[in-house]
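Before any comments, here is the structure.
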Amino acid sequence: MTNQDVNDMKLYDRVGRLNGWDFSRVRCLTEGARPDLYAEASCWMRPESLMLDIGTGGGEAALQAADRVRLLVGIDRSAGMIDSAKAHLARVPRPGVRFLQMAAEELVFPEAFFDLITCRHAPFSAEETYRVLAPGGVFVTQQVGEGDKNGLKAFFGRGQSAGIEPGTLLRRYERELSAAGFREIEWEEWDAAEYYERYEDLLFLLLHTPIIPDFGKQDGDEERLRQYVERYGTARGIRTSASRFRMKAVK
């Protein structure tokens, strides 16, 4: 695990304690995005499938799959996020869903237990994922690329993955998946334009993600954000950019 991973996990847990990382309130229009990860993974979902979602956060996204599989288990290292996920589940109960606090590096499940494993914008252990996946099972992950929000990061003079060569994380995960024993490893990369409807939407994003490290704790951060909004505000919203990659691997 790299130092960056450790730092991201500390922030991730702090965010979970604050609000469960509930992004359902954020209004954002995206152009050029690929289908949602869970929609993409739906072709491997079966009524008898046992599915694990790593880094499930508030659970809203993973719950899209609840009616397509026999059992959906969402895990997250943050107790606050799991509390939020359980609250979402309580509003629309589903008997085949469980949310558990758990680290991706120490999965407390039997070997070859799950038929499908998903992971969206969260760290994972290739070895542990391989261990708990059944033979022939599929692992699908979507991650944030180094070029994400480049314009915004340049405006602030700092940012997540700043100075790191694009494709670094993708290549690292490819090596780790291959070393763990996965086969048929495939990936795709893409960039998209994002338009945040309101100042508050972009402010929420920066306060609850590591895009701009310690946003709000450095003098002038809020003023810089207002200047960014003035410069990049459009009729469609406040323009930013997204960089993503998706990987699929078979055990």
Side-chain angles (χ1 to χ4, degrees), residues 1-9 12-13 16 21 34-46 48-59 61-66 68-79 81-82 85 96-145 167-189 244-251:
M1 183 180 299
T2 66
N3 289 335
Q4 183 62 49
D5 288 335
V6 173
N7 291 336
D8 286 351
M9 288 173 184
Y12 188 82
D13 188 59
W21 210 321
R34 298 296 189 272
D36 177 83
L37 173 68
Y38 302 98
E40 182 76 8
S42 64
C43 62
W44 296 293
M45 297 176 190
R46 303 288 184 270
E48 68 276 11
S49 295
L50 306 184
M51 175 178 167
L52 172 66
D53 187 52
I54 296 173
T56 200
L63 283 170
Q64 300 173 37
R68 294 174 174 266
V69 297
R70 179 183 175 187
L71 174 67
L72 167 64
V73 179
I75 67 164
D76 202 286
R77 68 177 60 253
S78 166
M81 292 183 185
I82 291 301
V97 177
R98 302 288 185 274
F99 288 117
L100 306 171
Q101 183 184 6
M102 191 180 302
E105 299 78 22
E106 298 180 24
L107 299 177
V108 187
F109 300 111
E111 293 187 9
F113 187 74
F114 294 99
D115 305 293
L116 173 65
I117 300 178
T118 53
C119 175
R120 184 178 184 274
H121 301 178
F124 65 89
S125 162
E127 292 182 355
E128 277 292 271
T129 301
Y130 186 87
R131 182 183 66 80
V132 303
L133 189 62
V138 176
F139 172 57
V140 189
T141 183
Q142 180 174 303
Q143 299 289 337
V144 177
T168 297
L169 184 61
L170 189 157
R171 292 191 294 272
R172 172 189 146 194
Y173 278 149
E174 182 188 12
R175 291 193 301 270
E176 292 178 358
L177 289 169
S178 179
F182 281 98
R183 57 189 174 86
E184 298 180 29
I185 302 171
E186 303 173 0
W187 69 88
E188 63 172 334
E189 301 175 88
R244 302 284 185 269
F245 66 89
R246 188 172 293 166
M247 308 185 77
K248 185 210 79 170
V250 179
K251 179 171 178 178

Q: Write down the atom of Asp115, the atom of Ala134, and the distance for their closest heavy-atom approach.
A: OD1-CB, 4.3 Å

Q: Take the angle between the ring planes of Phe245 and Tyr173 and call it parallel below 30°, perpendicular above 60°, tilted in between.
A: tilted

Q. Do Arg34 and Glu188 touch side chain to side chain, with heavy atoms closer than 4.5 Å?
A. yes

Q | Contact check, side chains of Val73 and Thr56, non-hydrogen atoms, under 4.5 Å | A | no

Q: Please tell me if the side chains of Leu107 and Phe113 come closer than 4.5 Å, counting only heavy atoms from C-beta onward.
A: no

(Q) Taking atom CZ as the centre, does Arg171 end up with more than 12 heavy-atom neighbours from other residues, nucleotides or ligands that are less than 6.0 angstrom away? (A) yes

Q. Looking at Ile54 and Ala122, what are the two nearest heavy atoms and their distance?
A. O-CB, 4.2 Å

Q: Using side chain to side chain donor-acceptor pair (under 3.5 Å) as the criterion, list what pairs up with Arg131, not counting sequence neighbours.
A: Glu128

Q) Counting only N and O atoms by type, is there a donor-acceptor contact under 3.5 Å from the side chain of Asp76 to the main-chain atoms of Ile82? A) no

Q | Heavy atoms of other groups near Glu106 CD, more than 12 under 6.0 Å | A | no

Q) Roughly how far, to the nearest 0.5 Å, is the CG atom of Leu72 from the CZ atom of Phe99? A) 6.0 Å

Q: Looking only at non-hydrogen atoms, find the nearest pair between Ala104 and Ile75 and report the distance.
A: CA-CD1, 4.5 Å

(Q) To the nearest 0.5 Å, what is the distance between CD on Glu189 and CE on Met247? (A) 9.5 Å

Q) At their closest point, which heavy atom of Leu37 faces which heavy atom of Thr141, and how far apart are they? A) CD1-C, 4.2 Å

**Q.** Spacing of Leu71 atom CG and Met51 atom CE [to the nearest 0.5 Å]
**A.** 10.5 Å

Q: Check the pair Gln143, Phe124 against side-chain contact (heavy atoms from CB on, under 4.5 Å), reporting the backbone distance first and the verdict last.
A: CA-CA 11 Å; Gln143 299 289 337; Phe124 65 89; 3.9 Å; yes

Q: Starting at CG of Leu177, measure out to CZ of Phe139 and round the result to the nearest 0.5 Å.
A: 6.0 Å

Q) For the atom pair CZ (Arg175) and CD1 (Ile185), what is the distance rounded to the nearest 0.5 Å? A) 12.0 Å

(Q) With side-chain contact (heavy atoms from CB on, under 4.5 Å) as the criterion, how do Leu100 and Phe109 come out once you've worked through the C-alpha distance, each side chain's angles and the decisive distance to 0.1 Å? (A) CA-CA 12 Å; Leu100 306 171; Phe109 300 111; 4.3 Å; yes

Q) Which pair of heavy atoms, one from Ala65 and one from Met45, lies closest together, and at what distance? A) CB-CE, 3.5 Å

(Q) Can a donor-acceptor pair be found, under 3.5 Å and without considering hydrogens, that links the side chain of Thr129 to the backbone of Ser125? (A) yes

**Q.** Over all atoms of both residues, closest heavy-atom pair of Ala112 and Pro135
**A.** CB-CD, 4.0 Å

Q: Measure the shortest side-chain to side-chain distance between Arg68 and Tyr38 over non-hydrogen atoms and say whether it is less than 4.5 angstrom.
A: no

Q | Quiz item: cation-pi between Lys251 and Tyr130, 6.0 Å / 45° | A | yes

Q. Donor-acceptor pair, Gln101 side chain versus Ser78 backbone, under 3.5 Å?
A. no

Q | Test side chain to side chain donor-acceptor pair (under 3.5 Å) applied to Gln64 - qualifying residues, sequence neighbours left out | A | none

**Q.** Residues that Glu186 engages under salt bridge (charged side-chain N to carboxylate O under 4.0 Å, His left out), provided they are two or more places apart
**A.** Lys248

(Q) Quick check for you: to the nearest 0.5 Å, what is the distance between Thr118 atom OG1 and Leu52 atom CG? (A) 7.0 Å

